[in-house]
Amino acid sequence: MGIIGWILIGLIMGAIARAILPGKAKGGWLITLVIGVLGALLGGWLGGELFGARTNESFFSLTTWLWAFIGSLLVLVIWGAVTGRKR
C-alpha cells in the first residue's frame, strides 16, 4: 500500500478520531485531517516496527485501519495537550 493509501485512511481516521475526542483541541477540520494523516502514518509505523503488524498489505485490511485509528487518536491527544495550554 502506498503513501496515497495512508493519506486516504488518515483523512478518514482523523475525522473519526475528532468525533470520538471532540474536546478542546484547537484547530478546525483541516488541522484535524492533517493530524489524521500524520497519525495514520505514525500508527502504521508503530504497528509495523513495535508489534510486527503487517500494515502495508492491503488498503482494506482491518489491521491497517486499526493502527491508523490508534495513531490518529494518539496524535490528536498530543495536539490537544500542546495547543490546549494557556499561558
Side-chain angles (χ1 to χ4, degrees):
M1 188 173 82
I3 190 77
I4 294 174
W6 279 107
I7 290 171
L8 290 173
I9 291 174
L11 292 172
I12 295 166
M13 289 297 117
I16 292 172
R18 179 64 173 240
I20 291 176
L21 294 173
K24 295 182 180 181
K26 296 192 186 241
W29 278 97
L30 182 62
I31 296 295
T32 300
L33 296 178
V34 170
I35 287 171
V37 170
L38 293 174
L41 293 171
L42 174 68
W45 179 80
L46 284 174
E49 293 296 319
L50 299 179
F51 300 104
R54 295 182 165 187
T55 57
N56 289 327
E57 285 185 354
S58 170
F59 182 79
F60 297 104
S61 169
L62 182 61
T63 305
T64 300
W65 286 81
L66 178 67
W67 281 106
F69 178 68
I70 291 169
S72 294
L73 281 176
L74 182 64
V75 173
L76 189 61
V77 166
I78 292 169
W79 175 258
V82 168
T83 61
R85 289 189 236 160
K86 294 182 180 179
R87 293 180 183 230

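Here, residue 1 is the first one in the sequence, and each next residue gets the next number.
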Single hit among V37, L74, I78 for side-chain contact (heavy atoms from CB on, under 4.5 Å) with L42: L74

Shortest non-hydrogen separation from I35 to S72 and the atoms involved: CG2-O, 4.4 Å

A68: partners by side chain to side chain contact (heavy atoms under 4.5 Å, CB included), with sequence neighbours left out: W6, I9, M13, A40

Gap separating the CG atom of L46 from the CG atom of L41, nearest 0.5 angstrom: 11.0 Å

Residues in side chain to side chain contact (heavy atoms under 4.5 Å, CB included) contact with L38, at least two apart in sequence or another chain: V34

